[in-house]
Amino acid sequence: MKATLIFSIATAVLGTSALLNAADTSAASKRIDDLLAKGLAKHKLTPNAPVDEATFLRRTYLTVIGRIPTQEEAKQFLDSKDSAKRTKLIDSLLNSEGYVHHAFDYWADVLRAQSQGVGDSTTSQNYLNYLRQSLRENKPWDKLARELVTGSGACFENGAIGYYMRDRGMPLDNLSNTTRIFLGTRMECAQCHDHPFDKWTQKQFYEMAAFTHNMTASSYRSPGVEETQKMIRQDKSLDKDTQDLMRQAVTEVTRPLRDTMVVQNKATMRLPHDYKYTDAKPKDVVPASVMFGKPITLTKESDPIQSFSQWMASPENPRFTTVITNRLWKRVFGAALIEPLDELMDSSVPSNPEVQAFIDRQMVAMKYDMKAFLKMLLNTQTFARASTKEVAMGEPYYFQGPVFHRMSAEQAWDSLVTLVNPEPDSINWTARERDKRDLDNRRQLAGLLDQTEASLLFEASKQVAAAMKEQNKEFDTLRKELDEARAKNDKEKSKEIQRRLGESQRILRKTVSECFYAAASKSSNEAVKSKLKEIAAGGAMEMAMMNLMEGARVDAKDMPMSGEMSQRIDQDATVLGIKDPKSRKSYASYVKGLHTTWSRAAELPSPAPRGHFLREFGQSDRDVIENASDEASVPQALTLMNGTLGSNITSAWSVLSINLRKAATPDQKIDTLFLSLYSRYPTAKERDTLHQRLESYAINKSIWEDLTLAALSTQQFIFVK
């Protein structure tokens with residue numbers, strides 16, 4: 001996608017309401033520069049020199065959308081004579097899908113959002129999609145914060161419940177994370193005892209927790225299913241084994257809906273049993289109360305969590321505004337005005353108090369519009385100055401320019417994607433389509449269970465229980481045979497028995513599907529019958545319920561191909577010398593499949609699996625807040641030297657290789673290499689050096705592959721100047 005097209009494409013995809021507020025922030029940008037200059041003069045420091053166009057281009061791309069520009073994007077900007085091209089570039093990037101990807105990486109790290117391993121996968125994925133969409137539509141930060149903290153209901157109706165599902169069963173930990181993320185206040189120590197370094201007491205912690213501890217993550221609660229469970233308990237004609245099997249049957253049909261709901265219960269908050277301070281007794285009831293800012297008065301009609309969210313995300317709560325302005329400031333300049341930004345104390349002092357006060361006022365005036373705030377920072381002269389390479393740890397930084405730093409794992413990966421994928425900012429269609437289908441299936445399953453009469457669900461569970469009694473006998477026999485085969489180290493027999501066990505599990509799921517489908521089909525509710533026909537989709541009716549219970553299967557080859565993609569494939573096929581239809585089909589399949597492996601980090605499993613480039617280069621495991629690392633390591637070097645990464649980037653079908661093929665002369669190839677990797681043209685000295693190298697490699701056909709891998713290993717590529 002070319003730079004000049006980004007804005008128009010964003011308009012078409014997102015709609016004008018989602019675009020950056022056109023309000024002029026130039027006066028505010030200038031005011032920031034003036035206040036920083038005043039601070040520098042006070043400390044007898046001078047601002048760094050302005051950067052050239054190439055440095056500004058690369059820095060802006062990496063800061064705003066998290067990747068280097070493509071060759072076409074770099075060439076277009078550098079060759080442009082438009083005096084306003086820097087401002088236009090900032091606007092276009094802020095309104096691009098690339099901005100969504102990069103912002104998602106950051107907030108997923110802060111919020112510890114994971115696609116796997118935390119709660120039901122459907123809930124996790126819809127939480128991630130909720131975050132993406134919130135960033136795409138530029139949802140104000142205060143609104144987003146309130147939605148996360150008050151999120152309740154089912155995941156397929158409200159993706160924000162993933163915030164509580166992330167800490168399911170750990171309400172006190174969730175409160176600690178909430179105060180750190182949104183208020184920049186570290187309270188986790190006060191969970192067990194009075195804070196040793198701050199003024200917060202353990203009792204104050206529990207008073208704060210009284211607002212949020214009732215937000216409980218659970219499985220989906222269907223009135224029909226709950227009534228069925230009640231009928232099972234109360235039916236005296238059933239023996240205990242049958243009751244247990246009937247409960248198991250209900251569990252099987254509702255298994256896809258586990259960890260899909262957050263509800264607000266009414267339990268009281270109590271101090272722990274080992275509370276040791278004199279201001280209260282162990283297990284005392286604790287009334288909800290805030291630790292700082294404007295007090296909250298609760299009445300019998302008050303909703304504690306709504307009251308808490310309004311207090312937390314209010315402009316009258318100074319820490320809420322200060323922590324978000326510092327987070328965004330640090331994303332642009334590499335360091336916050338207050339470090340660490342999420343450990344604010346009464347004694348915390350920004351390196352430039354006047355700037356801090358000004359940007360806090362601006363954030364409130366902008367109504368927490370994060371894009372408008374970023375636009376204000378990105379258009380400062382400070383952002384366009386040379387970076388400072390040495391910033392002493394623990395010492396205040398006065399912002400002579402941005403801080404020189406290494407790319408994050410996501411920035412490095414996404415920049416490599418730019419060299420391979422012709423549409424680097426495209427979504428992972430396969431993953432998003434699978435998420436959509438899974439979510440719709442879970443929604444429909446919940447709807448059927450809600451609308452089917454409890455008496456019918458009761459009969460279905462009874463039928464499944466009868467089948468399970470017989471099946472359990474087979475299970476027991478097979479498990480016994482498996483133990484004997486393993487004891488004899490009979491691998492073939494063990495494998496066969498495991499296959500039969502797996503088949504038995506499939507038969508059980510089929511039985512559950514058939515019995516509960518039969519129950520739903522007997523419903524007097526016409527909506528249920530209509531829905532059953534819809535979900536069968538022309539297939540076997542008795543498998544309709546199973547279709548809802550199992551994960552959706554999506555093949556990348558089914559992705560619809562746009563006319564633009566088809567045209568590009570034809571053009572690339574010509575460059576590559578592909579003439580026969582079979583080879584062209586193979587190349588088309590390769591291009592269509594790129595989104596499953598060579599997608600932006602935000603479109604891959606979150607976090608990436610161990611061993612993936614992202615994890616090797618420091619991507620957060622998302623177990624704790626902002627747990628990423630930008631330190632170099634030996635495994636990183638081995639990944640570049642011995643892995644398949646280099647061969648993918650330099651393969652004949654990568655974007656970089658195709659662009660090198662298009663270049664007719666050695667000089668054009670050199671330009672292509674530098675524009676693609678460094679976002680600039682080579683200097684005269686660099687060009688001469690490479691010409692000499694080309695002469696010495698005259699008979700080596702892999703010269704450009706070798707040069708590419710060498711360039712990727714340089715500081716010029718991996719650091720943000």
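The first residue in the sequence is number 1, and the count goes up from there.
For the atom pair CD1 (Ile497) and CG (Asp490), the distance works out to 8.0 Å, reported to the nearest 0.5 Å. To the nearest 0.5 Å, the span separating CZ on Arg610 from CD on Glu616 amounts to 9.5 Å.
Considering only heavy atoms from C-beta on, Pro304 comes within 4.5 Å of Gln264 through its side chain. Contact check for His102 versus Asp414: no side-chain heavy atoms found under the 4.5 Å cut-off. Contact check for Glu410 versus Gln619: side-chain heavy atoms found under the 4.5 Å cut-off. Looking only at side-chain heavy atoms (C-beta outward), Met170 and Leu172 stay at 4.5 Å or farther from each other.
Ring geometry for Phe613 versus Trp413: interplanar angle of 30 to 60°, hence tilted. Below 30°, between 30° and 60°, or above 60°: for Tyr277 and Tyr275 the angle between ring planes is above 60°, a perpendicular geometry.
For the residue pair Asn129 and Arg132, a side-chain donor N or O sits within less than 3.5 Å of a side-chain acceptor on the partner. Remark: the Asn525 side chain and the Ser523 side chain contain no N/O donor-acceptor pair separated by less than 3.5 Å. Between the side chains of Asn265 and Thr216, at least one donor N or O lies within less than 3.5 Å of an accepting N or O. For the residue pair Tyr127/Gln114, the side-chain donor-acceptor check at 3.5 Å is not satisfied. Using modelled atom types and a 3.5 Å distance limit, the side chains of Lys462 and Thr242 yield no donor-acceptor pair. No donor-acceptor contact under 3.5 angstrom links the side chains of Tyr163 and Asn177, judged on distance only. In this structure, a donor-acceptor pair under 3.5 Å is absent between the side chains of Ser620 and Glu626. Side-chain contact of Ser589 with Ser586: a donor-acceptor pair under 3.5 Å is absent, judged by distance alone.
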**Message:** Assess the residue pair Lys531 and Leu448 against the criterion (side-chain contact (heavy atoms from CB on, under 4.5 Å)); give the C-alpha distance rounded to whole Å, side-chain angles, the decisive distance to 0.1 Å, and a yes or no.
**Reply:** CA-CA 8 Å; Lys531 185 59 65 177; Leu448 285 174; 4.0 Å; yes

**Message:** side chain to side chain donor-acceptor pair (under 3.5 Å), that's the test. Do Ser124 and Ser121 meet it? Break it down for me.
**Reply:** CA-CA 5 Å; Ser124 300; Ser121 60; over 6 Å; no

**Request:** Before giving the answer on side-chain contact (heavy atoms from CB on, under 4.5 Å), spell out for Thr228 and Ile232 the whole-Å C-alpha distance, their side-chain angles and the decisive distance to 0.1 Å.
**Result:** CA-CA 6 Å; Thr228 302; Ile232 294 171; 4.3 Å; yes

**Prompt:** Stepwise, does the side-chain contact (heavy atoms from CB on, under 4.5 Å) test hold for Leu175 with Phe211?
**Reply:** CA-CA 9 Å; Leu175 174 67; Phe211 285 105; over 6 Å; no

**Request:** Test Val464 against Val253 for side-chain contact (heavy atoms from CB on, under 4.5 Å), laying out the working first.
**Result:** CA-CA 10 Å; Val464 174; Val253 77; over 6 Å; no

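Seen from the ring of Phe156, Arg442 does not count as a face-on cation partner, given the 6.0 Å and 45° thresholds.
Using a 4.0 Å cut-off between charged nitrogen and carboxylate oxygen, Asp483 and Lys480 do not count as a salt-bridge pair. With respect to the salt-bridge test (charged N to carboxylate O, under 4.0 angstrom), the residues Arg506 and Glu503 qualify.
Without hydrogens or angle criteria, His595 side chain to Glu423 main chain gives no donor-acceptor distance under 3.5 Å. Put simply, the side chain of Ser530 never gets that close to the backbone of Ala527: no donor and acceptor are under 3.5 Å apart.
In summary, the aromatic rings of Phe320 and Trp311 are positioned with their centroids too far apart to meet the 6.0 Å limit.
Evaluated for a side-chain contact (heavy atoms from CB on, under 4.5 Å) with Val225, the options Leu449, Asp450, Thr251 yield exactly one hit, Leu449.
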